[in-house]
Amino acid sequence: MTLPYAAVTMNTQQRYQEFSAREARGHSTTYAELTEGVATDRDLLALIDLLPQPKRQPNLLLAAVRFLGGPVNGYPAFRTWAIDHWPQVRATILERRTQTNEPGRCACLLPVLAGLPQPLALIEVGASAGLCLYPDRYRYVYNGRTRIGSDTSPVTLTCDAQGDVPLPEAPPEVVWRGGIDLNPLDVRDREDVRWLESLVWPEQDRRLRMLQGAVEVAAAEPPLLVRGDLNEAVRELLAQAPAGATPVVFHSAVLAYLSSTEREAFTETMRGEHAHWISNEAAGVLPSVQQRLARPVPQDRLTFVLAMDEKPVALTGPHGQWLEWLNGP
Ligand SMILES: C[S@@+](CC[C@H](N)C(=O)[O-])C[C@H]1O[C@@H](n2cnc3c(N)ncnc32)[C@H](O)[C@@H]1O
């Protein structure tokens with residue numbers, strides 16, 4: 001995933017080069033090739049540079065071209081199509097956001113959620129379409145052998161778990177769920193779902209199937225999603241959580257979209273609330289979590305830090321594909 005604030009110090013060419021080499025390579029040959037192509041294409045770079053800074057993200061351009069039906073098989077066809085259709089590509093980029101909703105992240109949240117007093121009232125900030133609000137409805141397979149959750153779920157999340165992960169026998173009990181997003185996506189809206197599908201990288205068929213299954217789960221009982229800024233809306237939503245349930249505010253891949261001042265404001269808000277706070281963000285995004293890490297996060301792969309009430313508990317794969325427990329059960 002592209003980290004918007006982390007990336008603003010790079011120019012567009014560096015950003016596409018970095019995305020190709022560090023994010024796409026090994027995960028999507030198609031995206032690695034396309035972004036490498038963009039990084040050396042003066043014409044396309046000039047068009048991208050006319051976009052507002054936060055809209056120059058590689059993921060956004062690539063998803064917009066796919067959403068509009070453009071070709072992604074080979075750089076020459078991609079760049080010709082993108083330049084020929086730039087007004088539509090630009091309009092889609094300006095209208096939409098990188099709102100990748102990754103239910104796979106629930107596999108990393110599960111041990112922490114299940115360890116809290118049950119039942120839970122879940123509040124996700126930066127929820128996108130709210131697909132991470134259903135950790136109780138998915139099936140989990142850890143290390144190919146430990147199975148948790150219902151066999152009948154249309155979603156199976158697989159995760160490579162290292163260390164003393166306190167894997168539960170059953171998913172958590174969720175009695176209430178609500179989310180906040182600047183732009184909530186609606187799982188019942190065909191165009192919103194197509195956008196979510198366009199955000200899944202080519203070749204990642206398993207992630208696409210998980211997404212489609214999670215959309216099915218959420219559409220059967222759509223979540224309460226509030227439109228707004230997390231700093232402004234979180235207290236009010238928390239106040240709606242029913243008594244008798246443990247309130248939990250959580251987020252993944254969200255705080256990188258905030259300025260450091262906004263992140264500090266959110267940290268202060270959460271410290272003042274009687275709710276557990278689970279963060280799953282790229283290393284370095286939350287300074288108070290980063291400072292409590294006993295050892296530096298390895299730089300050889302993109303890594304998130306899972307923390308409970310600012311205490312780091314695990315390193316995680318950005319899409320929930322792996323989990324490395326830090327502090328024992
Ligand atoms: C990359 S998506 C992650 C979605 C979801 N948390 C997940 O893990 O699948 C980030 C989401 O955060 C939302 N977002 C970013 N800044 C926000 C803010 N200040 N307040 C509320 N939502 C925000 C975006 O609109 C987007 O839907």
Side-chain angles (χ1 to χ4, degrees), residues 1-7 23 54-55 57-60 62-63 93-110 112-113 122-135 138 155 157 177-187 189 192-193 195-201 204 207-208 210-215 217-218 223 225-238 248-267 269-270 277-282 285-286 302 304-306 316-321:
M1 58 156 299
T2 305
L3 302 176
Y5 271 90
E23 299 192 38
K55 293 286 183 180
Q57 298 169 50
N59 261 339
L60 197 48
L62 296 162
I93 288 175
L94 292 178
E95 184 196 337
R96 300 226 167 234
R97 304 155 187 260
T98 46
Q99 293 192 259
T100 306
N101 203 177
E102 180 50 73
R105 293 180 179 131
C106 287
C108 296
L109 301 174
L110 184 83
V112 187
L113 291 174
L122 290 184
I123 290 155
E124 184 179 20
V125 298
S128 184
L131 302 181
C132 293
L133 281 165
Y134 297 84
Y138 303 145
V155 182
L157 307 179
R177 56 193 107 224
I180 301 167
D181 203 284
L182 287 174
N183 180 48
L185 295 178
D186 185 345
V187 286
D189 180 307
D192 278 0
V193 172
W195 178 246
L196 285 172
E197 289 173 350
S198 305
L199 286 164
V200 176
W201 297 4
Q204 300 193 335
R207 280 185 67 207
L208 185 62
M210 283 191 321
L211 173 77
Q212 290 165 338
V215 165
V217 168
L225 292 180
V226 174
R227 182 179 294 273
D229 183 280
L230 54 88
N231 270 317
E232 284 159 26
V234 70
R235 279 199 193 92
E236 203 176 312
L237 193 59
L238 251 175
V248 183
V249 175
F250 74 99
H251 49 88
S252 29
V254 173
L255 294 196
Y257 290 84
L258 275 63
S259 67
S260 53
T261 314
E262 292 164 333
R263 283 178 231 173
E264 279 164 28
F266 184 67
T267 301
T269 301
M270 289 316 305
W277 173 23
I278 300 174
S279 57
N280 185 35
E281 297 287 342
V285 165
L286 260 179
L302 257 179
F304 279 15
V305 181
L306 178 69
T316 66
H319 296 136
Q321 67 275 40

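Every number for a ligand or one of its atoms is a count from 1 in the order of the listing.
Of all atoms in ligand 1, listed by their number and element, those nearer than 4.0 Å to a heavy atom of T100 are 1 (C), 2 (S), 3 (C), 4 (C), 7 (C), 9 (O). Heavy-atom proximity to A253, at under 4.0 Å, picks out these atoms of ligand 1: 1 (C), 2 (S), 3 (C), 10 (C). Shown in contact with L258 at under 4.0 Å from a heavy atom are these atoms of ligand 1, numbered in order with element: 16 (N), 19 (N). For ligand 1, the atoms sitting less than 4.0 Å from at least one non-hydrogen atom of S128 are 4 (C), 27 (O), numbered in the order shown with element in parentheses.
Of the possible donor and acceptor atoms, one in the side chain of R263 sits under 3.5 Å from a partner among the backbone N and O of L258. Side-chain atoms of K55 never come within 3.5 Å of backbone atoms of E95 as a donor-acceptor pair (strictly under, hydrogens ignored). A donor-acceptor pair is defined here as one N or O able to donate and one able to accept, closer than 3.5 Å; such a pair exists between the side chain of E262 and the backbone of S259. At distances below 3.5 Å, at least one donor-acceptor pair connects side-chain atoms of W195 with backbone N or O atoms of R97. A donor-acceptor pair under 3.5 Å links the side-chain atoms of E281 to the main chain of V254, judged by distance alone. For N101 (side chain) and L131 (main-chain N/O), a donor-acceptor pair under 3.5 Å exists by modelled atom type.
Residues T100 and N59 have side chains that never bring a donor and an acceptor to within less than 3.5 angstrom of each other.
By the 4.0 Å heavy-atom criterion, G228 is counted among the residues contacting ligand 1. Residue contacts with ligand 1: V125 is excluded, as none of its non-hydrogen atoms falls under 4.0 Å. For the ligand labelled ligand 1, residue E102 lies inside the 4.0 Å heavy-atom shell.
In terms of polar-atom proximity, N101 is counted as a contact of ligand 1, with an N or O under 3.5 Å from an N or O of the ligand. Any N or O atom pair closer than 3.5 Å counts here, and I180 shares no such pair with ligand 1. For the pair T98 and ligand 1, the shortest N or O to N or O distance does not fall below 3.5 Å. Any N or O atom pair closer than 3.5 Å counts here, and G126 shares at least one such pair with ligand 1. Where the criterion is an N or O separation shorter than 3.5 Å, residue side chain and backbone included, L182 meets it with respect to ligand 1. At under 3.5 Å, not a single nitrogen or oxygen of R97, backbone or side chain, sits near a nitrogen or oxygen of ligand 1.
Residue contacts with ligand 1 for E124 involve side-chain atoms from C-beta outward but no N, CA, C or O (heavy atoms, distance under 4.0 Å).
Across H319, E102, R207, a single residue satisfies side-chain contact (heavy atoms from CB on, under 4.5 Å) together with V200, and that is R207. The ring-ring contact (aromatic ring centres under 6.0 Å, His included) with H251 is formed by just one residue from the set F304, Y257, F266; it is F266.
For atom 15 (C) of ligand 1, the nearest non-hydrogen atom from the set F266, Y257, F304 comes from Y257.
By the salt bridge (Lys or Arg N to Asp or Glu O under 4.0 Å) test, D189 pairs with no residue at all, sequence neighbours left out.
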